Colleague: 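The structure follows.
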Amino acid sequence: MDENYKIPISITIDPNDVYKLLIRIPNGKVTTYGDIAKQLGNKKLARSVGKILHNNPNPIIVPCHKVVLSNGKIGGYAYGLKMKKNLLKNEGIRILKDGTIENFHKIRVEY
DNA sequence: GCCATGGCTAGTA
DNA sequence: GCCATGGCTAGTA
């Protein structure tokens, strides 16, 4: 009997759930890929969340730029990191020299 | 085999 | 910086 055996079911995240979560993040706050995944039931799906955001069909109303890495660094952005930084800056969020978000622990919302 | 991640470790300053 | 993760996709057969 192998206790390590894992039943090969695959759990998928519904993109709409991600978007719904995102639109209630206040301006000036951020969350992480992992936090979103955890909130939707499986913290291991952080990468999938990133992929979903990459395919965000409506960047105007879904603020993808508020999602960053769990280590406080900025993460990716479909329209270029420069734009992501600018969007964050417009909400009063500053990026430090080392690429890390100022006061990350204070403005991070984990739900 | 890729990837918009995460966590942990070595090893620098 | 390295490796585990897990779903997805291109591209082969």
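Keep in mind that this is a model prediction, so the values were computed, not measured. So that the names make sense, note that chain A is the first sequence line, chain B the second, and so on, each numbered from 1.
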Colleague: Looking only at side-chain N and O atoms, does A:K44 come under 4.0 Å of OP1 or OP2 in C:dT5?
Modeller: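 For C:dT5, OP1/OP2 do not have a side-chain N/O of A:K44 under 4.0 Å.
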
Colleague: Give one of base, sugar-phosphate or nothing for A:G75, where a contact means two heavy atoms less than 4.0 Å apart.
Modeller: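 Nothing: the residue A:G75, judged by heavy atoms under 4.0 Å, touches no strand.
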
Colleague: Using whole Å, report how far NZ of A:K51 lies from C1' of B:dG1.
Modeller: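 So the NZ-C1' distance, A:K51 to B:dG1, works out to 11 Å.
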
Colleague: Where the side chain of A:T32 is defined as all heavy atoms beyond and including C-beta, which of B:dG6, C:dT5, B:dA4 is the nearest nucleotide?
Modeller: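 Closest nucleotide among those given: B:dG6.
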
Colleague: With sugar-phosphate meaning primed atoms plus P, OP1 and OP2, does A:A78 contact a base, only sugar-phosphate, or nothing at under 4.0 Å between heavy atoms?
Modeller: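 Contact class for A:A78: base.
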
Colleague: I need the CG-P distance between A:N42 and C:dG6, as an integer number of Å.
Modeller: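 Rounded to whole Å, this separation is 7 Å.
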
Colleague: Whole-Å distance between C:dG1 P and A:L69 CG?
Modeller: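 Distance check: A:L69 CG to C:dG1 P gives 16 Å.
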
Colleague: From the options B:dG6, B:dA4, C:dG6, select the nucleotide whose nearest atom is closest to the side chain of A:K84.
Modeller: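 Within the option list, the nearest is B:dA4.
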
Colleague: Could you work out which one of B:dT5, B:dG7, C:dG7 sits closest to the side chain of A:S48?
Modeller: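 It is C:dG7.
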
Colleague: Return the minimal non-hydrogen interatomic distance between A:Y19 and A:I52, and the atom names on each side.
Modeller: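 What the structure gives for the nearest pair is OH-O, 3.2 Å.
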
Colleague: Has the side chain of A:Y33 got a donor or acceptor atom sitting under 3.5 Å from an opposite partner on the base of B:dA4?
Modeller: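 Check passes, donor-acceptor contact within cut-off.
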
Colleague: Could you give the CZ-to-C1' distance, from A:R47 to B:dA4, as a whole number of Å?
Modeller: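 Nearest whole value for this atom pair: 9 Å.
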
Colleague: Could you provide the dot-bracket string of DNA chain B, using ( ) for intrastrand pairs, [ ] for crossing pairs and | for bases paired to another strand, with Watson-Crick or G-U pairs below 3.5 Å?
Modeller: |||.||||.....

Colleague: Please report the shortest heavy-atom distance between A:N71 and A:F104, naming the atom on each side.
Modeller: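 Where A:N71 meets A:F104 most closely, the heavy atoms are C-CE2, 4.3 Å.
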
Colleague: Using a heavy-atom cut-off of 4.0 Å across all strands, would you classify A:L53 as base, sugar-phosphate, or nothing?
Modeller: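 Since a base atom lies under 4.0 Å of A:L53, the category is base.
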
Colleague: Measure CG/A:N71 against C1'/C:dC3 and give the value in whole Å, please.
Modeller: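 Atom CG in A:N71 sits about 16 Å away from atom C1' in C:dC3.
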
Colleague: Which atom names give the shortest non-hydrogen contact between A:A78 and A:H54, and what distance separates them?
Modeller: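 Reported closest heavy-atom pair: CB-ND1, 3.9 Å.
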
Colleague: Among A:K82, A:M83, A:K84, which residue satisfies the side chain to side chain contact (heavy atoms under 4.5 Å, CB included) criterion with A:N86?
Modeller: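 So, applying the side chain to side chain contact (heavy atoms under 4.5 Å, CB included) to A:N86 and each of A:K82, A:M83, A:K84, only A:K82 qualifies.
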
Colleague: Write down the distance between CG (A:L87) and P (B:dA4), rounded to a whole number of angstrom.
Modeller: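 From A:L87 CG to B:dA4 P: 18 Å.
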
Colleague: Quick one: does any side-chain atom of A:T31 pair with a main-chain N or O of A:V67 as donor and acceptor, under 3.5 Å?
Modeller: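 Not at all, since once roles are kept as given, no pair shorter than 3.5 Å links the two residues.
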
Colleague: Where the side chain of A:S70 is concerned, which of B:dG7, B:dA4, C:dA4 is the nearest nucleotide?
Modeller: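 Among B:dG7, B:dA4, C:dA4, the one nearest the side chain of A:S70 is B:dG7.
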
Colleague: What is the separation between atom CD1 on A:I13 and atom P on B:dC3, rounded to the nearest whole Å?
Modeller: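 Answer to the nearest Å: 19 Å.
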
Colleague: Judged by atom type as modelled, is there a donor-acceptor pair below 3.5 Å linking the side chain of A:N56 to the main-chain atoms of A:C64?
Modeller: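 Side chain of A:N56 to backbone of A:C64, a donor-acceptor pair under 3.5 Å: no, none is there.
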
Colleague: Please state how far atom CG in A:D14 lies from atom C1' in C:dG7, giving the value in whole angstrom units.
Modeller: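 So the CG-C1' distance, A:D14 to C:dG7, works out to 15 Å.
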
Colleague: Out of curiosity, A:K73 NZ to A:T32 OG1, how far, rounded to the nearest 0.5 Å?
Modeller: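 Rounded to the nearest 0.5 Å, the NZ-OG1 separation comes out at 15.0 Å.
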
